[in-house]
Structures are given as structure tokens and as C-alpha cells.
Amino acid sequence: MNFHVMTLFPEMIENAMAESITGRAIKAGHISLNAVNIRDYSENKHNRVDDYPYGGGAGMVMQAGPVYRCYKDIIRKIESETSPKVIYLSPQGKVFNQDMAAEYAKEENLIFLCGHYEGIDERVLEEIVTDYVSIGDYVLTGGELPALVMMDTISRLVPGVLNNDVSAQTESFTDNLLEYPQYTRPEEWNGKKVPPVLLSGNHKKLAEWYREQSVIRTAMRRPDMIAKAELTDEEKLLAKNVMNSVTD
Ligand code: SAM
């Protein structure tokens with residue numbers, strides 16, 4: 001997976017991605033990062049890339065020209081036969097989720113376009129953007145944090161990035177359920193004991209417990225997900241009882 005990020009703040013992207021799991025994945029060659037400064041494509045002697053909006057209104061708008069030239073340069077260097085997806089981070093986009101991350105993880109190259117100020121001239125968006133993606137119904141100052149959120153999530157699904165690939169398959173949102181609670185040593189902390197089944201070594205009982213806890217937790221914390229999960233009749237009844245007890 002090769003990430004390309006069009007941004008006014010490449011260091012913000014590079015510094016965050018250099019840490020922890022993504023940093024190790026870059027060093028190991030499982031993912032690569034190419035953060036490109038849109039300002040380098042300004043043709044203005046002061047390196048300006050924004051201007052006042054036509055029609056008036058608050059704030060500044062990023063100009064089409066520098067964004068387009070930056071995009072063309074990235075495309076030229078990728079030399080791919082197929083055009084990569086270009087994701088514009090925008091509060092007006094489709095809200096990002098785990099299924100979208102799994103689809104994006106199959107791509108060889110992804111280009112992220114980070115807006116700033118009031119956004120970007122619509123004409124260049126029409127020209128280059130394939131996907132509009134939001135990370136939630138709130139407005140940030142720029143697209144850098146959303147791009148980082150997306151790249152972090154997608155990276156975990158790229159083979160080899162996690163030491164244990166199974167952990168990505170059993171996490172929250174897989175099968176529309178949240179993950180069961182986790183415990184580690186000591187066996188007793190603050191008077192609270194680890195659930196005995198976790199010490200039993202009985203794999204069948206463990207699997208049953210994980211599944212039951214996932215259903216309970218999802219019903220309690222994200223009842224909206226339960227309708228989409230594939231549950232047995234017994235699990236549906238359990239979820240219904242949990243949801244009723246929460247609203248009582
Ligand atoms: N004027 C725009 C509007 O009302 O839709 C908001 C512009 S916002 C201040 C500046 C940039 O931050 C956007 O161009 C976008 O790249 C990014 N951004 C802000 N909120 C976002 C969100 N929830 N998801 C993804 N990107 C976001």
C-alpha cells in the first residue's frame with residue numbers, strides 16, 4: 001500500500017505516521033508514505049495557494065492550480081496503469097467506517113487530498129476527486145487529521161502490518177459486533193477477578209464466552225448495530241433483554 005498525501009502540512013503527516021505501528025510498517029516496507037506540499041506547486045512569488053471566495057463570504061479558499069499541478073506530479077511519478085483513487089477529506093463526504101477501510105486496503109495506491117481554510121475550489125475537485133470521505137459530523141480545521149485517521153485504520157488491514165493478523169479479524173465492527181472485554185495480568189486487581197472462563201483453557205467455552213460478551217456489549221453500547229448483525233435466535237433474545245434492561 002502506497003499512501004500519497006496532498007497537504008499544506010507534510011510534516012504533520014510524516015511525524016504522526018513515523019510513530020508506533022505505522023512507523024514500523026513503513027520501515028518494514030509494508031506501507032509507504034509520500035507527503036507532498038501543495039505549496040511547492042504555487043506559481044505565486046509569495047508561494048500563496050489561497051484566495052478570497054468569489055461572491056464574498058468568510059475565509060479563504062485553496063486555489064485549483066496548485067492542487068492540480070501537485071496531483072499531476074504525483075500521478076506522473078506513480079506510473080501506474082490504473083488511476084488511483086483520490087480521496088478528498090471533507091465533512092460533506094460519506095462517513096468513514098471499517099468496511100470502507102477494508103475496501104481501501106485492497107488498493108495499491110491511494111491519494112489523499114487535505115483541504116484547509118474554507119476548502120478547495122470546486123473545479124479542481126470535480127476534475128480529480130473520486131471519493132469524498134468524512135470522519136464524522138463535525139468540522140476540523142484541515143484534512144490532515146482525517147487523512148491520518150484513515151491511513152492508520154487502513155494500514156492495520158494491510159497484510160503484515162500487525163504482528164498478529166488475526167487480531168484485525170476479531171476486532172470491533174467485524175460482523176457488526178463490538179469486541180468482547182479484554183483482561184491481562186494480574187489475575188486479581190483492586191478486588192476484581194478475571195472471569196474464570198478465561199483461565200479455563202477450554203477453547204470451546206472461551207469461543208462461546210467471547211461471542212456472548214460481544215452480543216451483550218453491542219446491545220448495551222451500540223444497539224443500532226444489532227439489527228445488522230447475524231445472530232442466532234438465542235442471541236437475538238439475549239440482545240433484546242440487554243437492550244430492554246438498558247432502557248428500563
Ligand atoms: N467550509 C467547509 C464546509 O463547511 O463544508 C469546511 C472546511 S474545513 C474548515 C477545512 C478542511 O478540513 C476541509 O476542506 C476538509 O479537508 C477538512 N475537514 C474538516 N472537517 C472534516 C471532517 N469531518 N472529515 C473530513 N475532513 C474534514
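Counting starts at 1 for both ligands and their atoms, following the listed order. In this chain, numbering begins with 1 at the start of the sequence shown.
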Report summary line: Under 4.0 Å from one or more heavy atoms of S90, ligand 1 contributes atoms 24 (N), 25 (C), 26 (N)

Query raised in the report: What atoms of ligand 1 come closer than 4.0 angstrom to any heavy atom of G143?
Result: 12 (O), 16 (O), 17 (C)

Query raised in the report: Should the proximity of Y88 to ligand 1, defined as any heavy atom under 4.0 Å, be assigned to the side chain, the backbone, both, or neither?
Result: side chain

Report task. Supply the atom-to-atom distance I31 CD1 to I21 CD1, rounded to the nearest 0.5 angstrom. Result -> 10.5 Å

Report summary line: Residue, atom and distance of the protein heavy atom nearest atom 4 (O) of ligand 1 read Q92 NE2, 4.4 Å

Requested in this report: Pick whichever of A147, G115, A58, G119 has a heavy atom sitting closest to atom 11 (C) of ligand 1.
Outcome: G115

Report task. For atom 2 (C) of ligand 1, find the nearest protein heavy atom and state the residue, atom name and distance (0.1 Å precision). Result -> E118 O, 3.5 Å

Report summary line: of all protein heavy atoms, closest to atom 20 (N) of ligand 1 is L140 N, 3.0 Å

Query - Numbered atoms of ligand 1 (with element) below 4.0 Å of P146, judged on heavy atoms - result: 25 (C), 26 (N), 27 (C)

Report task. Each residue besides M225 in its hydrophobic cluster should be listed here, by chain and number; the cluster joins Ile, Leu, Val, Met, Phe, Trp and Tyr at side-chain heavy-atom distances under 4.5 Å. Result -> F173, L178

Requested in this report: Nearest heavy atom to atom 24 (N) of ligand 1 wins, so pick from I135, I87, T141.
Outcome: I135

Report summary line: atom 27 (C) of ligand 1: closest protein heavy atom, distance to 0.1 Å, is P91 CD, 3.6 Å

Query raised in the report: Side-chain donor-acceptor pair under 3.5 Å between S172 and E179, yes or no?
Result: no

Query raised in the report: Does an N or O anywhere in L89 fall below 3.5 Å from an N or O of ligand 1?
Result: yes

Report summary line: Paired with H116, the side-chain contact (heavy atoms from CB on, under 4.5 Å) test is passed by just one of V61, V49, L8, L140, namely L8

**Report entry** Within reach of ligand 1, part of V133 (heavy-atom separation under 4.0 Å)
**Finding:** backbone

Requested in this report: Taking atom OH of Y52 as the centre, report whether more than 12 heavy atoms of other residues, nucleotides or ligands fall under 6.0 Å from it.
Outcome: no

**Report entry** Any side-chain donor near an acceptor of the partner, N2 and S32, under 3.5 Å
**Finding:** yes

Query - Numbering as shown, the atoms of ligand 1 that approach G136 to under 4.0 Å (heavy-atom distance) - result: 23 (N)

Query raised in the report: Any luck finding a side-chain donor-acceptor pair between D73 and Y41 under 3.5 Å?
Result: yes

Query raised in the report: In the protein, which heavy atom is nearest to atom 10 (C) of ligand 1, and how far is it?
Result: Y117 O, 3.2 Å

**Report entry** Shortest protein heavy-atom distance from atom 23 (N) of ligand 1, along with the residue and atom involved
**Finding:** Y138 O, 2.8 Å

Query raised in the report: If you count the non-hydrogen atoms of other residues, nucleotides and ligands that lie under 6.0 Å from CZ in R48, is the total more than 12?
Result: yes

Query raised in the report: About how many Å separate CE of M6 and CZ of F112, when rounded to the nearest 0.5 Å?
Result: 12.5 Å

Report task. Tell me who clusters with V215, hydrophobic residues only, linked when side chains sit under 4.5 Å apart either directly or through other members. Result -> L177, I216, M220, I226, L231, L238, V242, M243, V246

